[in-house]
Amino acid sequence: MIAMPSFAKIDSIRTLIISVLLSSLCVSAIAETEREEEVLDLNYGLTLYHLFQDKYFSAITDLLIAKKRKPIVAQGNSPELLLGGLLLDYGIEQDASTIFNRLLDEHAPPAIRDRSWFHLSQIQYKAGNLSAARGNLNRIGETLSEYRNAERLHLLSNIYIEQQQYDEAMSTLQLIPKKSIFVAYTQFNIGVTLIKENRLDDGVALLQSLIKNEATTEELAALHDKAYIAIGSAFMRVEQYQKAAEQFKKVRLNSPQSDIGLLGLGWAYYKQSLYEKALIPWLELNSSLVISPAMQESLLVAPHTFELVELPQQAVSHYSKALATYDRQLADIREIITAINKNELLRSITPTTNIGEEKPFFHYRAELPESIATKYLMELMASQEFQHAIKNYQELHYLQGLLQHWEENLPTYTLMIEERRQRYTQKSPLIKDSAQLKQVAQYEILQKQFSAEVAQGISSNNILSLASTEERELLEILRSVREKLDRLSGKEDVSEQQKKYELLYGLLYWQISADAIPRQWQLQKGLKELGDALTKAKDLEQSLQQAWIDAPRRFNGFAAQIKEKSIKVRALLQQTARLKAEQGMQINALALTAIERYRVINTKNQSHATFALARLYDTLKKTEDK
Amino acid sequence: VNTLIKSSLFLGLFFAGIALVQAEPPADVRSGEKQGLDSQIQDLKREVLQLNRDLFLLEEDLLFPSSTQFSVFVSLDSGKLFSLESIQVRIDDKVVANHLYTEREVDALKRGGVQRLYMGNISSGKHEIVAFLSGQGPSKRDFRPGATLNFDKSAGPQAVELKINDNSAREQPEFTIKVWE
């Protein structure tokens, strides 16, 4: 194994905890939602926009709003399936379950049914309803993606393990595509279980087939480390210490399992009476910055081994070092307990986002507190229970911020309603007497007159009624010329002018009549447009008047809703604060229990070291006296 | 001492066993008290989600009545030919939205998400919307396309979608505005 600086080791442990948690424990119900379908509805696209930023709360809200306002029909069952998956990931399993069951009742297409069965089985598995989960996993068809199908088989094999049907679990393992990450996890789970069940050869063989494959990712490397430890521990159990040492040696020093690997390696040598070799990993472990039971144990077994190799001064030095370390750790532990009781841990896990700003979903789980307790809480941090508790706490913090946002905004809306109401009261008489509104009726009368004129013109074949404004002016001039000619007729010779008049009139008449059909069409079109515009104006006027009539009722409706929602917001804020406090207490209790475990081990080890040191001094004194 | 050390060994290996079990998927074994708290949190989340939905609807009705409601959405096709950095939207020559994109937001758009960039009120009738984009076009060159649309705001809620598409034939990004009723 290659040594590396301890600070880097802490960092790598942190990274590994995160990666292992993300990949193995938090497989999202909707993780595989990719750009598979065209977005046909803006609200569905909006949901995806939030989903792809891991803002699950916002994505759920988008779908709920769309469902109430304008259901997304263009995307088939996808929005409903997505909502179920989001609710499942967000921890509202009951509602998710209802959605999946409804999709199954509605005879959705096979792909939707398969996904629904899959998610239902996840919920059932989590609730401990293994038979139902198994039934649903087995009825799934062939529509799941390769990744999801591998996950299905992994889940199925876990159920077989829990039902102690190991051969079925092994058969299921064979069905998982070889390149899937789930092969490694399934091999690991079955292998460890078989070892626990005293089927050592089978278990070890399975774990060896797991580590035979190259660890291409950090996640797989971490799993390999765990497999080495499991095989090493199994060999220790049957007293095959050399084989055990070979396995422990393969654990990487920058792995979260390195402390157990080093401790195990020392013990494997120790059991072969290779005491000097045993000291090497134990002394390495002594200097670890991460505090673990294995590290604490190494502080005690190293000086004991120095005694065995007859290096009493070295033993004294290391017992003294152990005692100093135990003292320092106990002081640390006291400080940490005080810090936890002062809610320092809770402060460090409280998101620093603005009030009501949603953090991406997985960030809840991935952020570790930067607290003095971190090096003592590594193991706890990696536990699902603690991660779940932190996630709950941070989600409650977000909900609290969101409710505070509404609590602050709702009075503004009340004020807005009041202002609108006042404006309404002031403007009401003006609107009632509005001349503009009355104009619509006048225009309607005019439109009817025009229509009648046009209709009469067309029926009487009155070509001149189709004259344009300019032509009408010319006709008017010609009419007055005609009158003058009539007056002068018999008094003077106006035959020349009469001819000119007839020519001009004829030309104008011809011009209008030649263009009569398009003019008639244009006129009718214009009248239709006028009619449409008037209808629109009338509708607008009516809707305006209706809105005006409805306004007081609407104001009252809004005011009542705001009042009702304000009460609800306040009630939920209180409830959130209470649950957040309870969840915080639970987190503190978990941390204190973990710290207490170290304190108990430490105190016990401290008394053993004190006793061993006294005994050693006594022996040395006796030797000197002799 | 040997007995002590043997018991310590047992502790170490026992610890290893605990570590192994953690790689299994969640079996979610929690005490009754913790399950009770979980179940209360689940109920609370459900209630807050419903209330939040109702309040959003109320807010929308109040601030953006359907007769004047107007929204601007943004979508991005594959985004291979254009790396979006910011957008400015003007309606009737008035800036209504400015947005600087994070990597996360651009990624969400590339994967098919649609962003609601703006929601506001405009009167029925004729309007002009202008959008200016900035980012990097092909060959990492600065690219500042824009688009204009004259539209008729109807009496109901209306939305436009600013669509950024890759035109692979022309090796250029394309920017269009689509009206949704």
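All chains are named by letter (A, B, ...) in the order of the sequence lines, taking the proteins before the strands, and each is independently numbered beginning at 1.
- The backbone N or O of A/Glu93 sits less than 3.5 Å from a side-chain atom of B/Gln42, completing a donor-acceptor pair.
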Side chain to side chain contact (heavy atoms under 4.5 Å, CB included) between B/Arg46 and A/Gln94: does it pass, once the steps are laid out? CA-CA 10 Å; B/Arg46 183 187 298 115; A/Gln94 246 175 4; 2.9 Å; yes
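- If you measure heavy-atom distances from B/Glu161 to chain A, the contacts under 4.5 Å come from the side chain alone.
- Both the backbone and the side chain of B/Leu55 come within contact range of chain A, judged by heavy atoms closer than 4.5 Å.
- Chain B forms more heavy-atom pairs under 4.5 Å with one residue of A/Ile195, A/Thr61, A/Asn43 than with any other, namely A/Thr61.
- Expressed to the nearest 0.5 Å, how far CD1 of A/Ile562 lies from CG of B/Leu58 amounts to 5.5 Å.
- Residue A/Lys568 touches chain B through both its backbone and its side chain, counting heavy-atom pairs closer than 4.5 Å.
- Inter-residue side-chain proximity for A/Leu51 and B/Arg111 is flagged as unmet; no heavy-atom pair is nearer than 4.5 Å.
- When heavy atoms are compared at a cutoff of 4.5 Å, A/Thr186 does not approach chain B at all.
- Residue B/Ala159 touches chain A through its side chain alone, counting heavy-atom pairs closer than 4.5 Å.
- Of the listed residues B/Asn52, B/Val48, B/Asp43, the one with more heavy-atom pairs under 4.5 angstrom with chain A than any other is B/Asn52.
- Closest non-hydrogen pair, B/Lys45 versus A/Gly91, comes out as NZ-CA, 4.2 Å.
- Taking CG of B/Leu63 as the reference point, atom OH of A/Tyr413 lies at 4.5 Å (rounded to 0.5 Å).
- Here CG of A/Asp95 is found 8.5 Å from CG of B/Leu49. Values are rounded to the nearest 0.5 Å.
- Contact annotation for A/Leu396: only side-chain heavy atoms (C-beta onward) come within less than 4.5 Å of a heavy atom of chain B.
- The minimum heavy-atom distance between B/Leu62 and A/Met416, with the atom names listed, is CG-SD, 4.3 Å.
- Judged by distance alone, the side chain of A/Lys565 and the main-chain N or O of B/Asp54 form no donor-acceptor pair under 3.5 Å.
- Closest of all the heavy-atom pairs between B/Tyr101 and A/Tyr49 is CE2-OH, 4.4 Å.
- Only the side chain of B/Phe73 comes within less than 4.5 Å of a heavy atom in chain A; its backbone stays farther off.
- Neither the backbone nor the side chain of A/Gln296 comes within less than 4.5 Å of any heavy atom in chain B.
- For the atom pair B/Ile41 CD1 and A/Tyr393 OH, the distance stands at 11.5 Å (nearest 0.5 Å).
- Atoms CD and CD1, from B/Glu47 and A/Ile92 in turn, are 10.5 Å apart once rounded to the nearest 0.5 Å.
- For the set A/Arg420, A/His50, A/Lys67, the count of heavy-atom pairs under 4.5 angstrom toward chain B peaks at A/Arg420.
- Note on B/Asp61 versus A/Arg69: salt bridge recorded, some NZ/NE/NH1/NH2 to OD/OE distance being below 4.0 Å.
- Between chain A and the residues B/Glu59, B/Arg116, B/Glu60, the most heavy-atom pairs under 4.5 angstrom are made by B/Glu59.
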